[in-house]
Amino acid sequence: MYALVDGNNFYVSCERVFRPSLNGKPVVVLSNNDGCAIARSNEAKALGIAMGAPWFKIRHLAESQGLVALSANFPLYGDLSDRMMSLAAGLGHRQEIYSIDESFVDLSGVRGDLLKRSQTIRERVLQWVGIPCCIGIGQTKTLAKLANHIAKSAERKRDSYPAELAQICNLSALNRATLDAVLAATPVEEVWGVGRRIAAQLKEGGIHTVLDLTRMDLATVRQRWSVVLERTVRELQGQSCVDLQDVAPDKQEIACTRSFGRPVTALEDLSEAVSEFASRAAEKLRRQEGLANQVLTFVRTSPFRPDPQYSRSIVVPLRRPTADSSQIADAALTGLRCIYKPDFLYAKAGVMLMELQPVSVHQSELALDEEPGEGWDKGRLMSALDGLNRRYGRGTVLLGSIGLEGDRRRWAMKQERRTPQYTTRWEDMPVVRT
DNA sequence: TCTGGGGTCCTAGGACCC
DNA sequence: TCTGGGGTCCTAGGACCC
């Protein structure tokens, strides 16, 4: 059993903590450069403002409807998020922080009345942090997400669902008939994992509601769509397929990208932006104690403008894995010079770090790089190898030739027999210089 | 004039190997 | 040289999430 705790209209609620006068008013929080709305109060939603609506299309509502627009203040939101998360964690034993405003809590082993416990947590978050939140409970993460959607809709829109499901909704506590009615009242695109494209395809096939989707034949889903959607349907049926991730895995890619406030043309200006992106990305990389092997740089014009379009990216390999800002910036700028073309009106650029690895692997490789001799002994080498292989799986790192030819051949033969799927092949092994 | 900034996972197809 | 099966690796692109 899982709970999903989700802050309502999160960025707007954060702003209201410090400006209570905004309560009851239509409010939006705008993205970088005040480009578009990334959070809306209920009142703003009621005005028909869509998620991602460009500011220039809705600014007239400021005068006619008293819409208040605020520039985003991400450090503030991060801080309030931390406080909300630590309170939400009290609901169970394990927590996965899924996004800035949402966390899953594993409810297994939790005794007592789940509804009452949830109410306590909800009130605590409201009183101590000032953020209103909704809690959804279900057999699986997908059902908890769905329950949360129902809890929010029941609170915001009268008559959408039974009023007693507002704010806190435990789907597993409903009887069959009520559950079916609720699922039948929910459009299929509200399901976690069903986006616009798949929703349209499902509807074409006569699948309109969550109840329809829940009753689909698994083999058909897999055949006509994918294993991903099949997993979603299983989860809707109560079979847990997506585990709680209570320790956040290291990122596989780290990006820093921005739209410009106004079009940019000169290589000089782009270079300035790109080196800034590169060093910010490198900072994030160092925070996760990682090293990058490749740097991707991209530039693009605005797809929304009638001007000539240009969009290109390039990957520059690094000579050796690094988290050094200046090396990463050099690579990013090398890439930029390759793809830059004059005269275009560039709207956006970015830097992504790819092929990331933990620092520890690199350090151990450096240890392997040492020449045999003073300070070097086979035991140390082996324990380094063992550590790596324990941590990353057998066969992650193997020895090259340092008078261990016999070992090497035996390993190679074993590798060939096993042809393991996810271990590094012999040819790719870091080899010790002799 | 003005349209976010991050991420993940899966699949298909081609190159290549035994 | 021909034939075929089976496998891996890489890349591009699609779809989704907040």
Side-chain angles (χ1 to χ4, degrees), chain A residues 4 6-7 9-11 28-40 49-60 62 69 71-72 74 77-78 81 96-104 141-142 145 148-149 189-202 222-232 241-242 245 248-263 277 280-281 284 288 294 296 298 300-307 313 315 345 347-356 415-428:
Chain A
L4 179 73
D6 189 332
N9 313 329
F10 189 67
Y11 297 162
V28 291
V29 170
L30 299 176
S31 65
N32 180 41
N33 297 321
D34 293 342
C36 61
I38 54 175
R40 305 156 292 154
I49 298 173
M51 184 65 172
W55 170 236
F56 72 89
K57 284 190 183 173
I58 56 173
R59 72 184 311 167
H60 66 275
S71 298
F74 293 109
Y77 310 150
S81 170
E96 169 186 343
I97 294 172
Y98 179 68
S99 72
I100 193 160
D101 65 334
E102 288 171 85
S103 72
F104 288 101
K141 284 168 79 175
T142 303
K145 271 284 244 187
N148 190 278
H149 166 77
E189 63 267 26
E190 300 299 344
V191 172
W192 190 36
V194 177
R196 279 225 312 268
R197 281 304 231 294
I198 290 175
Q201 293 163 5
L202 286 169
R222 187 182 198 135
Q223 202 189 343
R224 288 200 27 206
W225 283 275
S226 65
V227 293
V228 185
L229 191 62
E230 184 197 351
R231 208 156 50 205
T232 297
C241 304
V242 187
Q245 284 196 335
D250 283 346
K251 300 256 183 286
Q252 300 175 39
E253 299 173 356
I254 287 173
C256 187
T257 71
R258 291 280 180 282
S259 296
F260 303 127
R262 59 193 61 187
F277 299 156
R280 284 217 208 168
K284 293 189 203 172
Q288 79 166 30
Q294 297 178 341
L296 178 147
F298 76 85
R300 61 175 308 172
T301 53
S302 169
F304 303 106
R305 296 173 61 117
D307 311 314
S313 68
V315 174
L345 298 172
K348 187 171 179 175
V351 171
M352 296 190 212
L353 307 181
M354 301 159 67
E355 302 267 285
L356 307 186
Q415 291 295 304
E416 211 163 305
R417 274 204 304 277
R418 291 192 300 148
T419 46
Q421 210 175 336
Y422 292 112
T423 49
T424 313
R425 290 178 317 144
W426 177 251
E427 292 78 7
D428 302 329

* Hey, which of these two, A:Lys284 or A:Pro54, hits DNA chain B nearer its 5' end, going by closest nucleotide? -> A:Pro54
* Asked: Could you state the CZ-C1' distance from A:Phe74 to C:dC18, rounded to the nearest angstrom?
  -> 12 Å
* Asked: What is the pairing partner of C:dC17, taking Watson-Crick or G-U wobble pairs with both distances under 3.5 Å in any strand?
  -> B:dG6
* Asked: For A:Ile100, which contact category applies under a 4.0 Å heavy-atom criterion: base, sugar-phosphate, or nothing?
  -> nothing
* Which class fits the ring pair A:Phe104 and A:Trp192: parallel under 30°, tilted 30 to 60°, perpendicular over 60°? -> tilted
* Roughly, in whole Å, what's the span from CG in A:Asp101 to P in C:dC17? -> 15 Å
* Asked: Within the structure shown, what part of the strands sits under 4.0 Å from A:Ser226 by heavy-atom distance: base, sugar-phosphate, or nothing?
  -> nothing
* **Main-chain N/O of A:Phe10 paired to A:Asp101 side chain as donor or acceptor, under 3.5 Å** => no
* **Whole angstrom value for the distance that separates P of C:dC16 from CG of A:Leu229** => 9 Å
* **For atom CZ of A:Arg224 and atom P of B:dT11, their distance in whole Å** => 17 Å
* **Closest listed nucleotide, where the reference is the side chain of A:Val227 and the choices are B:dC10, B:dG5, B:dT3** => B:dC10
* On DNA chain B, check which nucleotide each of A:Gln245 and A:Met51 is closest to and give me the residue with the more 5' one. => A:Met51
* B:dC9 OP1/OP2 closer than 4.0 Å to side-chain N/O of A:Arg231 -> no
* Taking OP1 and OP2 of B:dG5, is either one under 4.0 Å from a side-chain nitrogen or oxygen of A:Ser259? -> yes
* Structure fact -> Whole-Å distance, A:Ile97 CD1 to C:dC17 P, equals 21 Å
* When all nucleic acid strands are considered with a 4.0 Å heavy-atom cut-off, which category describes A:Arg305: base, sugar-phosphate, or nothing? -> sugar-phosphate
* To do: May I ask you to decide if A:Arg258's main-chain N or O and A:Asn32's side chain share a donor-acceptor pair within less than 3.5 Å?
  => no
* **Side chain of A:Asn32 (C-beta onward), nearest among B:dT3, B:dG5, B:dC2** => B:dG5
* A:Lys251 side chain N/O closer than 4.0 Å to the phosphate oxygens (OP1, OP2) of B:dT8? -> no
* Does a side-chain heavy-atom distance below 4.5 Å link A:Glu189 with A:Arg196? -> no
* For A:Pro249, which contact category applies under a 4.0 Å heavy-atom criterion: base, sugar-phosphate, or nothing? -> nothing
* **Distance test, side-chain N/O of A:Thr257 to OP1/OP2 of B:dG6, below 4.0 Å** => yes
* Asked: Got A:Pro263 and A:Arg305 here, is their nearest side-chain heavy-atom distance under 4.5 Å?
  -> yes
* Would you please confirm or rule out a distance under 4.0 Å between OP1 or OP2 of C:dC17 and any side-chain N or O of A:Lys145? => no
* Interatomic distance at C1', C:dG4 relative to B:dC16, whole Å -> 16 Å
* Asked: A:Lys57 side chain: which of B:dC2, B:dT3, C:dC17 is closest?
  -> B:dT3
* What's the CZ-C1' distance between A:Arg40 and B:dG4, to the nearest Å? -> 14 Å
* Check every strand shown and say whether A:Arg262 touches a base, only sugar-phosphate, or nothing at a heavy-atom separation below 4.0 Å. => nothing
* Asked: Looking at side-chain heavy atoms only, is the closest gap between A:Asp250 and A:Leu356 below 4.5 Å?
  -> no
* Base, sugar-phosphate, or nothing for A:Val191, non-hydrogen atoms under 4.0 angstrom? -> sugar-phosphate
* Asked: A:Ala255 has a side chain; which of B:dT8, B:dC2, B:dG7 sits nearest to it?
  -> B:dG7
* Structure fact -> A:Asp34 atom CG is separated from B:dT1 atom P, nearest whole Å, by 19 Å
* To do: For A:Ile38 and B:dG7, give me the distance from atom CD1 to atom P, rounded to whole Å.
  => 15 Å
* Base, sugar-phosphate alone, or nothing: which one does A:Ile254 contact when heavy atoms must sit under 4.0 Å apart? -> sugar-phosphate
* **Side chain of A:Ile198 (C-beta onward), nearest among C:dC18, C:dA15, B:dC10** => C:dA15
* What pair of heavy atoms forms the shortest contact from A:Ala50 to A:Ala37, and how long is it? -> O-CB, 4.5 Å
